[in-house]
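Structure, as structure tokens:
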Amino acid sequence: MPYYRAVGDIPRKRHIQFRRPDGQLYAEELMGEEGFSSDSSLLYHRDAPTAILSAEETAWAAPALEPNLPLRPRAYRTGDLPEGGDLCSARRTLVGNDDVRISYVAADTTSGLYRNSTGAEVVYLQDGHATLESVYGALEAGPGDYVVVPTGTTHRWRVSGAVRALVIEASGHIRPPRRYLSEYGQFLEHAPYSERDLRGPTEPFLEEGEEVPVTVRTRGGLTRLVYRNHPFDVVGWDGCLYPYAFNIADFEPVVKRTHAPPPVHQTFEGPNFVICSFCPRPLDFDADAVPVPYNHHNVDSDEFMFYAGGDYTARKGSGIGPGSVSLHPAGFTHGPQPGAAEASVRGLAEGRTTTDEVAVMVDTFRPLLLGEGARECEDPGYAWSWAR
């Protein structure tokens with residue numbers, strides 16, 4: 001996280017005595033990335049965050065991922081996936097590799113306490129409202145929000161009604177792109193969003209309880225830890241590592257006279273992948289512009305695109321609509337559907353000057369494998385839609 005925040009009660013200096021009203025010391029906890037060499041926060045607990053009563057392995061089968069063979073572009077309809085469950089345990093894996101796993105979930109139940117110690121998560125809410133409750137506080141989220149949950153954050157998702165979300169789970173940390181930040185972590189003037197656009201917890205979220213279970217995910221599987229006291233006992237914290245929300249509508253798109261490639265839409269970066277936001281914006285404005293993507297063959301990347309809303313001109317006639325996913329793998333040249341380029345040119349001539357598309361793209365630098373969720377909702381005819 002690129003800037004400092006302080007919430008609740010904290011002592012005047014780090015690592016000094018800080019006492020509860022009964023005279024006992026608060027338990028100071030450092031949450032830090034990359035050892036002691038990157039972003040961190042200091043949390044002050046009423047009780048020891050180390051006090052566990054039991055630990056047991058939880059039955060869990062790693063998502064069965066299969067190669068994209070025979071190699072072809074694919075499309076999925078997430079609306080066909082089962083509904084119900086919570087935002088943590090009911091995820092249906094669409095694609096993944098050793099760097100990232102991308103899932104979809106249609107949740108209607110509040111989750112239990114969960115901690116992903118494998119990597120950070122980005123939860124993009126397509127529809128509905130939810131609250132991330134964590135050791136850092138509560139964070140409300142709604143349609144269009146990216147919620148970034150740092151590695152190792154104990155949290156739960158509280159939902160009010162049905163929530164549909166795309167979940168991106170990394171094998172490491174997810175951050176704003178380095179090129180958007182100064183040497184010391186401030187967003188630069190050319191960045192498409194700034195600190196003002198990011199929402200973090202504003203007050204502690206305290207909850208009483210004893211013998212509280214937390215499901216912890218590591219690379220080895222799932223463990224159920226039972227804590228003596230509720231983990232939500234943090235009276236204050238400060239630092240640069242915490243959950244935050246950013247709404248896709250606050251992304252400032254870059255517009256050029258002719259078509260701009262996906263790097264101008266980059267929003268976050270993770271280990272061997274990037275996350276991009278496609279937002280409503282003015283169309284290319286050169287008199288001879290073709291305001292849809294050109295055919296391209298990115299030899300180093302697989303392109304995963306989630307169509308969250310609006311009208312995506314380049315995919316007209318392909319069956320793609322809100323809630324759809326396209327997967328265009330390396331080894332395949334992809335581009336607009338037949339007739340889309342000419343239609344976009346006619347639209348400019350007829351006075352169409354904007355696009356209302358909303359999409360989330362994940363480009364990976366290692367091949368994406370296909371998960372059980374993808375097999376359940378694939379559109380089998382998409383690969384041949386360019387030949388119709």
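The first residue of the sequence shown is numbered 1, and numbering continues consecutively from there. Keep in mind that what you see is a predicted model, and the values were worked out from it rather than measured.
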Under 3.5 Å donor-acceptor, [X] side chain and [Y] backbone:
{"X": "Asn68", "Y": "Leu71", "value": "no"}
{"X": "Asp127", "Y": "Ala165", "value": "no"}
{"X": "Ser301", "Y": "Asn298", "value": "no"}
{"X": "Asp22", "Y": "Gln24", "value": "yes"}
{"X": "Arg281", "Y": "Cys279", "value": "yes"}

Is the shortest distance from a Lys or Arg side-chain nitrogen in [X] or [Y] to a carboxylate oxygen in the other one below 4.0 Å?
{"X": "Glu207", "Y": "Arg156", "result": "yes"}
{"X": "Glu121", "Y": "Arg115", "result": "no"}
{"X": "Asp99", "Y": "Arg366", "result": "yes"}
{"X": "Lys256", "Y": "Asp286", "result": "no"}
{"X": "Arg77", "Y": "Asp379", "result": "yes"}
{"X": "Arg74", "Y": "Glu378", "result": "yes"}
{"X": "Arg199", "Y": "Glu140", "result": "no"}
{"X": "Glu28", "Y": "Arg14", "result": "no"}

Quick check on the hydrophobic clustering: are Val274 and Ile174 connected, directly or via other members, by side-chain heavy-atom contacts under 4.5 Å?
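As far as the 4.5 Å side-chain criterion goes, Ile174 and Val274 are not connected within one cluster.
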Are Leu139 and Leu241 linked, directly or through intermediate hydrophobic residues, by side-chain heavy-atom contacts shorter than 4.5 Å (ILVMFWY only)?
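In one cluster: no.
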Compute the ring centroids of [X] and [Y], then answer whether they are less than 6.0 Å apart.
{"X": "Tyr242", "Y": "Tyr136", "result": "no"}
{"X": "Phe268", "Y": "Tyr146", "result": "yes"}
{"X": "Phe332", "Y": "His297", "result": "no"}
{"X": "Phe232", "Y": "Phe205", "result": "yes"}

In terms of ring plane angle, is the pair [X] and [Y] parallel, tilted or perpendicular, where the classes change at 30° and 60°?
{"X": "Phe251", "Y": "Tyr193", "answer": "tilted"}
{"X": "Tyr26", "Y": "Phe18", "answer": "tilted"}
{"X": "Tyr104", "Y": "Phe306", "answer": "tilted"}

Assess whether side-chain hydrogen bond (donor to acceptor under 3.5 Å, both in side chains) is satisfied between Thr218 and Ser117, documenting all intermediate values.
CA-CA 5 Å; Thr218 62; Ser117 293; over 6 Å; no
Cut-off 3.5 Å, no hydrogens considered: what does the side-chain donor-acceptor table look like for residues 45-61, sequence neighbours left out?
| from | atom 1 | to | atom 2 | distance (Å) |
| --- | --- | --- | --- | --- |
| His45 | ND1 | Asp233 | OD1 | 2.6 |
| His45 | NE2 | Glu29 | OE1 | 2.6 |
| Arg46 | NH2 | Glu208 | OE2 | 3.3 |

In sequence, state the C-alpha distance, the side-chain angles, and the governing distance for Trp237 and Met31, and then conclude on side chain to side chain contact (heavy atoms under 4.5 Å, CB included).
CA-CA 10 Å; Trp237 61 269; Met31 288 283 291; over 6 Å; no
Quick one: do the Tyr307 and Ser326 side chains pair a donor with an acceptor below 3.5 Å?
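Distance-only check passes for Tyr307 and Ser326.
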Applying side-chain hydrogen bond (donor to acceptor under 3.5 Å, both in side chains), run through Tyr3 and Arg5 and close with a yes or a no.
CA-CA 7 Å; Tyr3 73 102; Arg5 183 182 290 263; 2.8 Å; yes
Working for side chain to side chain contact (heavy atoms under 4.5 Å, CB included), residues His265 and Met361:
CA-CA 9 Å; His265 305 292; Met361 186 180 80; over 6 Å; no
Pro231 and Val214, any side-chain heavy atoms less than 4.5 Å apart:
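Of all side-chain heavy-atom pairs linking Pro231 with Val214, at least one is under 4.5 Å.
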Apply salt bridge (Lys or Arg N to Asp or Glu O under 4.0 Å) to the pair Glu33 and Arg175, showing each step before the final yes or no.
CA-CA 12 Å; Glu33 297 176 344; Arg175 298 168 171 142; 2.6 Å; yes
Spacing of Asp363 atom CG and His328 atom NE2 [to the nearest 0.5 Å]:
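If I round to the nearest 0.5 Å, the distance is 11.5 Å.
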According to the side-chain hydrogen bond (donor to acceptor under 3.5 Å, both in side chains) rule, which pairs have a member within residues 367-376, sequence neighbours left out?
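Matches after skipping sequence neighbours: Arg92-Glu376.
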Applying ring-ring contact (aromatic ring centres under 6.0 Å, His included), which residue pairs with at least one partner in residues 336-380 are found, sequence neighbours left out?
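As it turns out, there is no ring-ring contact (aromatic ring centres under 6.0 Å, His included) pair with a partner in residues 336-380 once direct neighbours are skipped.
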